[in-house]
Every structure is written in structure tokens, then in C-alpha cells.
Engineer: 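The structure follows.
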4 protein chains.
Amino acid sequence: MGRGSRGTVGGRARREQIERAAAEVLAEMGYAASSVGRIAERAGVSKGVVTYHFPSKDELLRRVALRLFQECSAHIAASITGATTPAERLRAGISAELEFFSTRRIEFLAMAEIMANHRDASFGHAFDEVSTSETETLADLLAEGQAQGDFRAFDVHEAAHMIAAAKNGLLDRWASDESLDLASASTKMLDFLESAVSHR
Amino acid sequence: MGRGSRGTVGGRARREQIERAAAEVLAEMGYAASSVGRIAERAGVSKGVVTYHFPSKDELLRRVALRLFQECSAHIAASITGATTPAERLRAGISAELEFFSTRRIEFLAMAEIMANHRDASFGHAFDEVSTSETETLADLLAEGQAQGDFRAFDVHEAAHMIAAAKNGLLDRWASDESLDLASASTKMLDFLESAVSHR
Amino acid sequence: MGRGSRGTVGGRARREQIERAAAEVLAEMGYAASSVGRIAERAGVSKGVVTYHFPSKDELLRRVALRLFQECSAHIAASITGATTPAERLRAGISAELEFFSTRRIEFLAMAEIMANHRDASFGHAFDEVSTSETETLADLLAEGQAQGDFRAFDVHEAAHMIAAAKNGLLDRWASDESLDLASASTKMLDFLESAVSHR
Amino acid sequence: MGRGSRGTVGGRARREQIERAAAEVLAEMGYAASSVGRIAERAGVSKGVVTYHFPSKDELLRRVALRLFQECSAHIAASITGATTPAERLRAGISAELEFFSTRRIEFLAMAEIMANHRDASFGHAFDEVSTSETETLADLLAEGQAQGDFRAFDVHEAAHMIAAAKNGLLDRWASDESLDLASASTKMLDFLESAVSHR
DNA sequence: TATGAATGAGAGTTCATTCAT
DNA sequence: CATGAATGAACTCTCATTCAT
């Protein structure tokens with residue numbers, strides 16, 4: 001603000017256009033090949049535009065990844081509303097995440113590239129925190145289920161990590177194999193997990 | 001005669017030294033920062049030495065990753081010997097893998113960097129195949145357990161993927177948090193998994 | 001937009017400046033010593049500028065050589081207009097070529113370096129083809145002269161090769177000895193050739 | 001002498017072996033790709049051997065080229081003996097040269113690569129001198145023929161250059177087209193040249 | 001705002017040469 | 001004599017960034 005277009009309406013549109021282009025290039029060509037020039041070319045603008053709208057390439061990538069993250073979180077939160085029991089909320093949350101990404105494949109692949117390669121101090125931490133809070137939420141859910149007698153006894157923290165890992169593993173599989181039926185695998189996984197945490 | 005120094009005694013030592021240096025740089029600075037120059041510097045030799053002993057940077061990284069892979073596989077195979085029931089073999093295999101990597105942290109981190117970032121045709125596939133065969137072995141184990149009546153009914157393929165994901169997730173956690181008690185977490189995970197697959 | 005700066009006005013000027021510098025370096029220092037860095041230095045710009053304006057070093061050299069080639073061809077074509085008899089056209093064409101290069105010594109030397117050293121598939125062939133078509137044109141001219149009774153009988157193809165060789169030999173001599181009087185030597189050569197092909 | 005094997009019998013054999021390998025590599029891969037390593041590999045020896053037997057790569061190449069030159073000169077000299085008239089000596093000399101190279105294609109191609117690319121002060125001059133003396137010998141021959149009334153009047157120096165150029169042009173053609181019938185083309189060329197210099 | 005132009009650092013790789021063994 | 005090892009300079013090319021217009 002003050003200088004440049006950051007904050008104006010046209011600026012926002014440009015930024016989104018560039019972020020979209022960045023996601024496409026990342027998904028198709030990988031992190032190493034995702035140069036500013038290539039992104040600009042994909043966006044149909046000159047290289048300078050990218051530098052103008054983003055303080056740095058790192059910032060651009062950070063935005064691409066974080067935005068998807070946030071939208072996903074919002075989607076999950078909305079989907080959990082209405083689920084009452086811990087078991088339902090568990091299913092709802094994981095289903096929502098997988099469902100969300102399944103409609104945003106390119107951005108998901110881009111985010112994966114960024115997270116895998118971006119060795120930036122302040123950046124990695126951001127994701128670590130998100131993933132930590134995700135696991136904690138999960139652990140709370142499991143503890144609640146145990147307290148209500150729905151779930152059997154186990155270490156809720158380790159279990160939370162494992163459930164998160166199972167979900168991420170599924171996303172990884174889907175990332176390298178688009179033909180994988182995410183919905184079906186998701187159901188199977190949730191069935192397995194549910195019986196793993198429940199009294200039987 | 002020939003190219004490089006493959007086969008000689010002094011050459012082997014140098015190569016190992018360079019591979020060690022490469023692993024250190026990869027673990028500490030990440031894939032992007034692991035230039036040939038930096039690796040040579042770390043090894044205390046000139047840049048040309050690296051090119052002399054390895055046909056290319058890719059080959060060097062491939063060796064670093066594959067060697068650890070193979071050693072790990074051998075360790076697991078040796079550890080499984082003696083385990084008789086599917087449940088025991090499951091525990092033994094996963095324990096062995098985690099135990100193995102816990103003694104080779106730097107190389108593990110290096111391998112993780114390489115696997116995540118090396119977008120090379122013939123190379124990435126090599127890892128895909130290994131991980132596929134790992135999952136298949138796991139699935140076979142689960143099926144055997146079901147056949148023997150030790151394990152309850154579930155989709156063995158999905159379960160195999162989930163178990164592999166849980167194990168990899170644990171390694172990921174340990175990768176970003178050295179202080180994590182791998183042995184303890186491993187036990188908790190295996191306990192959870194065991195009761196998840198068993199009749200109760 | 002797009003790659004490089006092809007098409008803009010400022011870009012064209014820079015490109016010509018760089019091509020000029022490349023020709024100078026090639027002429028003075030030879031092919032092997034004509035690195036991009038040296039060319040940039042001679043042009044008074046940074047190394048990156050060269051890569052910015054030309055997709056590759058090969059392309060730069062190709063342009064330097066081909067442009068001179070084309071200008072020479074145009075000059076010859078223009079000079080032949082007005083010559084009616086085969087003997088006149090022969091003289092006119094060869095004179096025009098020698099005269100043209102005599103005003104472009106540096107570029108000629110550069111082109112010679114490039115043609116001699118550029119072992120590039122699609123490139124070397126381009127020159128082979130041009131020289132082939134040159135010889136064929138010459139052979140046609142000789143055949144026409146024979147048909148009209150101006151020239152005596154001889155193998156037109158071999159003679160065409162020989163005439164071309166004589167002309168190229170003269171250029172070679174001039175290339176290694178700037179003080180050689182190209183015009184005078186040219187006249188003597190053409191006199192000799194004329195009486196060689198004519199009835200006497 | 002004193003140090004090393006220069007001058008010993010075994011040394012001479014090694015040197016010839018290396019020179020042969022160098023010629024092969026030059027002919028097959030071109031000047032730029034003819035590294036010491038590649039030459040050593042082709043010779044079946046280690047890289048150090050080359051450096052041991054030759055003070056430098058340049059010296060090696062110089063030897064490869066000059067030796068062929070000298071052998072060719074000797075062959076020509078021998079072939080001229082017995083030819084009495086200038087016209088016969090002209091034919092004999094040129095025929096001998098073409099015939100000589102036709103039996104030494106690889107070395108000829110190597111020599112051509114070296115002469116085209118070797119921009120070394122003292123080296124280029126050596127060839128310039130040889131070619132100058134060749135032309136002078138030719139000019140003397142032509143002058144002698146004119147004095148004896150065998151040849152018509154023309155500028156002997158220019159004619160000598162032209163004849164040399166025609167011969168070199170023929171060799172150039174053969175260099176880039178092995179299937180060219182050197183003997184037949186040579187005869188046609190000599191017929192043309194003979195009638196060009198003779199009274200008719 | 002947007003552009004093309006320019007920069008300079010850094011990448012991987014090749015190579016002639018030197019040297020200890 | 002011969003070797004493998006090592007060096008360091010040079011090469012082309014890519015790229016994030018800066019800047020005048």
C-alpha cells in the first residue's frame with residue numbers, strides 16, 4: 001500500500017492470476033523447473049510483473065501453498081459442523097480434507113512441491129505448526145471419544161499421528177497416481193481406522 | 001584406463017568420503033543448496049575430484065540414496081529371520097527399519113531430500129517401485145495372518161498402505177525432530193497397529 | 001512476453017552490437033578462444049546479456065555466419081543482373097563475391113572460423129548445401145556457355161568445382177594475408193579461367 | 001634423452017601408437033571432442049602416458065599433422081623422379097599427392113581438423129610455409145613449361161595458386177564425401193588443367 | 001503498472017596438466 | 001615407464017533480482 005498495487009482490486013486479480021500460473025508450473029514441471037520466467041510465461045505476463053506483485057519468489061510460493069492450506073482448513077471446519085459424535089467428526093474431517101484436495105489437484109501438487117523443497121526457516125515452521133495443530137485437534141477428538149466411551153484405550157497422541165500419517169499417505173499415493181479412486185480408498189481407510197479405534 | 005576410478009582401493013575410499021560429505025550437506029542444507037562445490041568443500045577436496053570419481057552429480061546422489069536403501073533392506077531381511085508368525089514378522093520388520101535409520105540419521109535425512117527432490121525419470125521410478133514392493137510384501141504378510149486366523153478381516157492392500165504410511169509418518173516426525181524417541185514411539189505405534197489388525 | 005527480445009527495436013541494436021563483437025573476437029582470436037565471456041567483454045556488456053539476447057551460443061554464431069552469407073548472396077544476385085552472356089555472368093558473379101567480402105574482412109574471417117569449426121549437425125549441413133548449390137549454379141552457367149558455343153568442351157561439374165575452389169583459394173589467401181590485392185588477383189584469376197574455358 | 005623415453009625405441013613405438021589414436025579420434029569426433037582423455041582411451045593407455053610422451057597436447061597434434069605432411073612430401077618427390085617434361089611433372093606431383101592421401105584417409109581428416117583449428121603462432125606458420133613452398137615449386141614448374149614453349153602465357157604465380165586451390169578443393173570434397181572417386185575426379189581435373197595451361 | 005533489458009552469481013561439467021607412487 | 005588421482009581454470013547456461021522507461 002502506498003506504493004504499488006498491493007491491496008488494490010486489480011492488483012489482487014493479477015496476483016491470483018500469477019499464483020494460479022505458479023501452481024500449474026509447479027505441478028507440471030516440478031519445483032526445480034519453476035523459475036519466475038516460466039511462471040510469468042505461463043501467466044502470459046512479463047517477468048517483471050511477478051517481481052512487482054510479489055516481494056520475492058519465495059513469497060509467491062509461500063502464498064500459493066498457504067492459501068490452499070487455509071482454504072482447506074475452512075472447508076474442513078465447515079464440514080465438521082453438524083457432526084456430533086467424535087467418530088462422526090473424525091470421519092467428517094478426514095473426508096472433507098480428501099474431498100477438498102480432490103477438487104484442487106493442481107494446487108495440491110504445487111503445495112506438495114513447495115513443502116518438500118522449501119527449506120526456508122520461517123516457512124517450514126508455518127507448516128510444522130499447522131500440522132502440529134492438526135494432530136492436536138485429532139488427539140483431542142480421540143480423547144473425547146475415549147471419555148465418552150466410544151473409543152477404546154490407546155495413546156491418543158500416537159494414534160493421532162498415525163491417523164494423520166495414513167491420510168497423508170493416501171494423498172501421496174493420489175499425487176503420484178491420478179487414477180487412484182480417492183473416495184473409495186478414503187472410505188476403506190476410514191472403515192479400518194474406525195474399527196481400529198473402536199470397541200468391537 | 002576406463003573412466004573414473006571405479007574398482008581401485010584408493011578410489012573407493014575417496015568415493016565413500018565424498019558420499020559421506022554429500023549426505024552431510026544434504027542433511028544440513030537441503031537439496032537445493034547441495035551443489036557439487038559445496039559437497040567438495042565439505043569433503044575437503046576440490047570440485048574436480050567429485051567429477052573425477054562420479055560420472056555426474058546425479059549419479060553421486062543416486063549412490064548416496066540407494067546404498068542406504070540397500071543396507072536398510074538387508075538389515076530388515078536379517079531381522080525378520082527368526083520371526084515366525086505374521087504378527088512377529090510385522091513387528092520385526094518395522095522395528096528393524098526404524099532401528100536401522102535411527103543409527104544413520106544424517107544419511108536418512110539425505111536420502112529423504114534426494115527422494116523428495118530428484119525429479120529424474122529413471123530415478124524417481126526406482127523408489128516408486130521399491131515402495132510398491134514394500135507395500136506388497138506387507139499386504140502378503142497381512143493376508144497370511146488373516147489366513148491363519150491371527151488377523152481379523154479387512155482390506156489387506158489398504159491396510160498395508162496405511163501401515164507403511166504410519167511408519168513413514170513416524171520417520172518424518174523424527175526427521176524434523178531429532179529429540180523424538182523413535183524406539184518408544186515405535187513401540188506405541190506397533191501396539192496400536194497390532195490391536196488394529198488383531199481379533200480382540 | 002515470449003523469449004528474449006526478438007522483435008523490439010532496442011533489442012535489435014543490441015543484438016547487432018553483440019554479433020559485431022562476436023565477429024571481431026572470432027576473427028582476432030579464433031573459434032576456440034571465442035567464448036561467450038570474451039564476446040560479452042568485447043561488446044562491453046555482461047555475459048548474461050549475450051544469453052539474454054540469443055538462445056544459445058550456437059545460435060549467435062549461426063546468425064553471424066548466415067547473415068553474411070545471405071548478404072553476400074544478395075550482392076551477387078544484384079551484380080549478375082545486367083550481365084547477359086555466360087562469360088559475363090561468370091565474371092560478374094565471382095567478382096561480386098570477392099568484392100563483397102573485401103569490404104567485410106572481419107565478418108569474413110569470422111564466418112570462415114565458424115564454418116570450419118562448427119561441427120553441429122544441422123548447421124554444417126546448411127553450408128554444405130549452400131556450397132553445393134553454388135557449384136550447381138556454376139555448372140549450369142558453364143553448360144549454357146557450351147551450348148551457346150562460347151565455351152569449349154569439358155566436364156562442367158568438375159570445372160565448376162575447380163572454379164569454386166580457385167575462388168575460395170583466393171579468399172583463403174586473402175584471409176591469411178590482408179595485404180593481398182584481392183582485386184588484382186581476382187582479375188588475373190578470371191583472365192586465366194576465362195581462357196581456360198573458352199575456345200582460343 | 002636424459003629424462004624419459006624420448007628417443008628410445010620403445011618410446012617411439014608408444015608415441016606412434018598415441019599419434020595413431022589421436023588421428024582416429026580427430027577424424028571421427030572432430031577437433032573439439034579430441035581431448036587427451038579420449039585419445040588415451042582410444043590408444044588403450046592411461047591419460048598420463050600421453051602427457052609423459054608428449055610435452056603437451058599441442059605438440060602431439062603438431063606431430064600428427066607434420067608427420068603426414070612430410071611423408072606426403074617425400075612421396076611426391078619420389079613420384080616426380082622419372083617425369084621429365086614440366087607437364088608430366090605437374091601431373092605426377094598432383095596425382096601423387098591425391099593418391100597418397102587416398103591411402104591415408106583418417107590421417108588426412110585428422111590433419112585437416114588440426115590445420116583448421118590450431119591457431120598457434122608457430123604452428124600455423126609452419127603450414128603456411130609449406131604451402132608457400134608448394135606454390136612456388138608449382139610456379140617454377142609452370143615457368144619452366146612456358147620457357148620450353150610447352151605452356152602458353154599466363155601469370156605463373158596466380159596459376160600456381162589456382163592449381164593448388166583446385167587440388168585442395170578436390171581433397172576437401174573427398175574429405176566430406178568418402179564415396180567420391182578421387183582417381184577419376186583427379187584425372188578430369190588434370191585434363192582440364194592441362195588444356196588450360198597448354199597451347200591448343 | 002508493466003515491460004524489456006541488464007546484471008552477476010552460481011550451477012554442472014570438461015579438460016590439460018601436474019604429481020606421487 | 002605407467003598409472004590413477006587431483007587440481008583449478010574455463011566453459012555454457014540458468015536464474016532471481018533490479019531498474020530505466
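Sequence lines set the chain letters: A, B, ... in the order given, protein chains first and strands last, and positions in each chain run from 1.
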Engineer: Taking atom P of F:dC11 as reference, at what distance in whole Å does atom CG of C:D58 sit?
Structural biologist: 15 Å
Engineer: Give me the atom names and distance for the closest heavy-atom approach of A:I39 to A:A21.
Structural biologist: O-CB, 3.7 Å
Engineer: Determine whether C:E71 and C:R104 make a side-chain contact, defined as any pair of heavy atoms from C-beta on separated by less than 4.5 Å.
Structural biologist: yes
Engineer: What is the distance from CD1 of A:I18 to C1' of E:dT1, rounded to the nearest Å?
Structural biologist: 11 Å
Engineer: What is the distance from NZ of C:K57 to C1' of F:dA10, rounded to the nearest Å?
Structural biologist: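 The answer, rounded to whole Å, is 11 Å.
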Engineer: If you measure from the Lys or Arg side-chain nitrogens to the Asp or Glu carboxylate oxygens, is any gap between C:R63 and C:E19 under 4.0 Å?
Structural biologist: no
Engineer: When the distance from CZ of B:R62 to C1' of E:dG12 is rounded to whole Å, what number comes out?
Structural biologist: 15 Å
Engineer: If you measure from the Lys or Arg side-chain nitrogens to the Asp or Glu carboxylate oxygens, is any gap between A:R62 and A:E59 under 4.0 Å?
Structural biologist: yes
Engineer: In dot-bracket, 5' to 3', how would DNA chain F read with Watson-Crick or G-U wobble pairs under 3.5 Å, [ ] for crossing ones and | for pairs to another strand?
Structural biologist: .||||||||||||||||||||
Engineer: If you only use heavy atoms from C-beta on, which nucleotide in F:dC13, E:dA6, E:dG12 is closest to the side chain of C:H53?
Structural biologist: E:dA6
Engineer: Please state how far atom CZ in A:R15 lies from atom C1' in E:dT1, giving the value in whole angstrom units.
Structural biologist: 13 Å
Engineer: Considering only heavy atoms from C-beta outward, does the side chain of D:E16 approach that of D:R12 to under 4.5 Å?
Structural biologist: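 Yes; the side chains approach each other to less than 4.5 Å.
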Engineer: Residues from residues 20-48 of chain B sitting under 4.0 Å of DNA chain F, heavy atoms only?
Structural biologist: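 Residues of residues 20-48 of chain B that come under 4.0 Å of DNA chain F are, in numerical order, B:V45, B:S46, B:K47, B:G48.
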Engineer: Phosphate oxygens OP1/OP2 of F:dA2: is one of them under 4.0 Å from a side-chain N or O of D:R14?
Structural biologist: yes
Engineer: Nearest to the side chain of C:Y52 - E:dA5, E:dT1, E:dT17?
Structural biologist: E:dA5
Engineer: Can you check the C:L61 CG to F:dT12 P distance for me, whole Å?
Structural biologist: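 Result: 9 Å.
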Engineer: Identify, with sequence neighbours excluded, every residue that meets salt bridge (Lys or Arg N to Asp or Glu O under 4.0 Å) alongside A:R42.
Structural biologist: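 For A:R42, the residues satisfying salt bridge (Lys or Arg N to Asp or Glu O under 4.0 Å) (neighbours in sequence not counted) are A:E24, A:E28.
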Engineer: When the distance from CZ of A:F54 to P of F:dT18 is rounded to whole Å, what number comes out?
Structural biologist: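 In whole Å, F:dT18 P and A:F54 CZ are 16 Å from each other.
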Engineer: Which heavy atom of C:R15 sits nearest to which heavy atom of C:H53, and what is that distance?
Structural biologist: CD-O, 3.6 Å
Engineer: Let me know, please, whether B:S56 or C:V49 comes out on the 5' side of the other along DNA chain E by nearest nucleotide.
Structural biologist: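 Upstream on the strand: C:V49.
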Engineer: Given C:L109 and C:E113, is the side-chain contact (heavy atoms from CB on, under 4.5 Å) satisfied, shown in steps?
Structural biologist: CA-CA 6 Å; C:L109 295 174; C:E113 288 289 328; 5.7 Å; no
Engineer: Rounded to the nearest Å, what distance is computed from the CG atom of residue A:N117 to the P atom of nucleotide F:dC15?
Structural biologist: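 Rounded to whole Å, this separation is 14 Å.
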Engineer: So do D:V36 and D:L60 actually touch side chain to side chain, heavy atoms under 4.5 Å?
Structural biologist: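 No, too far: nothing below the 4.5 Å cut-off.
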